[in-house]
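The structure presented is a predicted model; accordingly, all values stated were derived computationally and were not measured. We count ligands from 1, going down the list as the structure has it; atoms in each ligand are counted the same way. All values below were derived from every heavy atom in this structure, side-chain atoms included, with hydrogens, water molecules and symmetry-related copies excluded.
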Amino acid sequence: MNERSTLTVNEKGHLEIGGADCVELAKNFGTPLYVMDEEYIRRMMRVYRDTIQKEYDGNGMVLYASKAFSCKAIYRIAEEEGLGVDVVSGGELYTALQAGFPAEKIYMHGNNKLPYEIQEGLDAKIGCIVADSYSEIDLIDCEAKKRGIRQTVLLRVNPGVEAHTHAFVQTATTDSKFGFSLQDGTAEAITKYALSKENILLEGYHCHIGSQIFEKQSFALAVKKCMDFVALMRDKLSFVPTKMNFGGGYGVWYTDEDKKLPPEGYSEYVEELIAELKKQSKEKNLPLPYLLIEPGRSIVGEAGITLYTVGAIKEIPGVKTYLAVDGGMFDNPRYALYQSKYTPILANRANEENTQIVSIAGKCCESGDLIAVNVNLPKAERGDILAILSTGAYNYSMAMNYNRNFIPPCVLVKEGVAEYIVKPQTYEDLVRNDVLPERLKK
Ligand code: LLP
């Protein structure tokens, strides 16, 4: 059991999240169902916010990386907790604005922002655009000029730190589609270019070294490399950034192969990053910049579970046993994409001992439509409620309607009460944008 969240087992032997009985949730809302625990999300947001407050005199802001889980409710929670947000598309921007999120606390990302996305960002008066190409600098400058403003911009740089779960290595050259390399002069060149633009107010740099990273040293190394570069830019171009954004990437628990941390444990990542930033700034005689961090997965990942109903069970003698559930890659494509690992629990018999090894399959017409492979479970039967843990990040946000399956609804639970924050789709939703040309009409 994952004792770091509000996941427990009640006296009926049912899994509970945020005080809500998962068997009741399945009965009342149907399956598949995403369940998000509000308390956990708020706790995580506060840990990051309070660490910046305490360790950095509040001279910074936490941006929730909304690609991890985006819907109106999460932007409301982020605002209530005093966070800003990072958006990566017109759609995420629109959702945030629809939720009434303050535009000045929105940062816009993307390696290929489309002209209309930049225009919409400027029209909404968003706080900052993190630029990632020359053509984008031109576009921002031109659109800002039309509006008679100077748009605040950060430049995305690539510090060449490659981080992994078990080791981190430094790469001399980088082949990422994101950012400008600090090593080969390209970051310097784009800095000069951005500084030459009248309607761009260059405030600093952004980097993001990757996701699901557990090594604190990787983040510190990125800070060091960025600050080396900052000192160089001061010396060569007399440009001193006032803001530095070090991205997100803090790892979460999916299975017992991953490090377990209580929400409060995540302050360590930020403390280490801040300590390095202070050290570097002092050594280089640079003013402390306004600090931004962008956690996504760690805020919502462990806050979410997905509930399914077990359907067909297929035993292939001597090979494996498949439990098929009523969801699949359309609500969680992460196994299909990354062979990601997850921990399942039979929510209606959560105290029972594991006695079998099974693979959990979805209902799509694809052999690779799997949720978890070779996992331990008690003997499962058709009709059991299966919970997959740690699905709060990059599940709903990456869901799709493949095979014209419904993207499941999502409920937010707090103190035992569950409410929809994303309602169920209907068949009409699936055909809403379908058009029959005249010649095909019956
Ligand atoms: N900032 C930037 C610029 C990013 O690109 C990302 C994630 C984040 C912040 C948030 O990182 P986090 O704290 O969530 O690790 N779909 C993949 C994850 C892709 C992450 C992309 N960027 C997955 O399911 O694992």
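In this structure, Gln280 contributes its side chain and Val223 its backbone to no donor-acceptor pair below 3.5 Å.
Here Glu419 does not pair with Lys414 in a salt bridge; the nearest charged N to carboxylate O distance is not below 4.0 Å. Salt-bridge check for Lys225 with Asp228: failed, with every basic side-chain N at 4.0 Å or more from each acidic carboxylate O. Note on Arg43 versus Glu264: salt bridge recorded, some NZ/NE/NH1/NH2 to OD/OE distance being below 4.0 Å. Under a 4.0 Å N-O distance rule, the pair Lys145/Glu198 does not qualify as a salt bridge.
Closest heavy-atom approach to atom 10 (C) of ligand 1 among the candidates His206, Glu294, His109, Arg334: Glu294.
Residue contact annotation: Pro295 has a non-hydrogen atom under 4.0 Å from ligand 1. Heavy-atom distances between Tyr338 and ligand 1 reach below 4.0 Å in at least one pair.
Residue-ligand proximity, Asp86 to ligand 1, at heavy-atom distances under 4.0 Å covers atoms 1 (N), 9 (C). Proximity to Gly296 (heavy-atom distance under 4.0 Å) selects the following atoms of ligand 1: 12 (P), 13 (O), 14 (O). Atoms of ligand 1 found under 4.0 Å from any heavy atom of Ala65 (numbered from 1 in listed order, with element): 8 (C), 9 (C), 10 (C). Within ligand 1, counting atoms from 1 as listed, the ones closer than 4.0 Å to a heavy atom of Arg156 are 3 (C). For ligand 1, the atoms lying closer than 4.0 Å to a non-hydrogen atom of Arg297 are 12 (P), 13 (O), 14 (O), 18 (C), 23 (C), 25 (O). Taking a cut-off of under 4.0 Å to the non-hydrogen atoms of Gly248, the atoms of ligand 1 that pass are 9 (C), 13 (O). For ligand 1, the atoms lying closer than 4.0 Å to a non-hydrogen atom of Met398 are 16 (N), 24 (O).
For Gly249, a nitrogen or oxygen atom sits less than 3.5 Å from a nitrogen or oxygen atom of ligand 1, counting backbone and side chain alike. Considering backbone and side-chain N/O of Ser298, none are found under 3.5 Å from N/O of ligand 1.
Scanning the protein for heavy atoms near atom 11 (O) of ligand 1, the closest one is His208 CE1, 3.3 Å. Of the protein's heavy atoms, Tyr394 OH, 3.5 Å lies nearest to atom 20 (C) of ligand 1. For atom 15 (O) of ligand 1, the nearest protein heavy atom (residue, atom name, distance) is Ser211 OG, 2.3 Å. Nearest protein heavy-atom contact of atom 4 (C) of ligand 1 is Lys67 NZ, 3.0 Å.
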Let me see the working for Met400 and Met329 under side chain to side chain contact (heavy atoms under 4.5 Å, CB included), right down to the final yes or no. CA-CA 8 Å; Met400 58 186 150; Met329 63 191 289; 4.2 Å; yes
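Seen from the ring of Tyr394, Arg297 does not count as a face-on cation partner, given the 6.0 Å and 45° thresholds.
Remark: aromatic rings of Tyr396 and Phe69 are close, center separation under 6.0 Å.
Using cut-offs of 30° and 60° for the angle between ring planes, the Phe219 and Tyr250 rings count as tilted.
Shortest non-hydrogen contact noted between Val85 and Leu63 is N-CD2, 3.8 Å.
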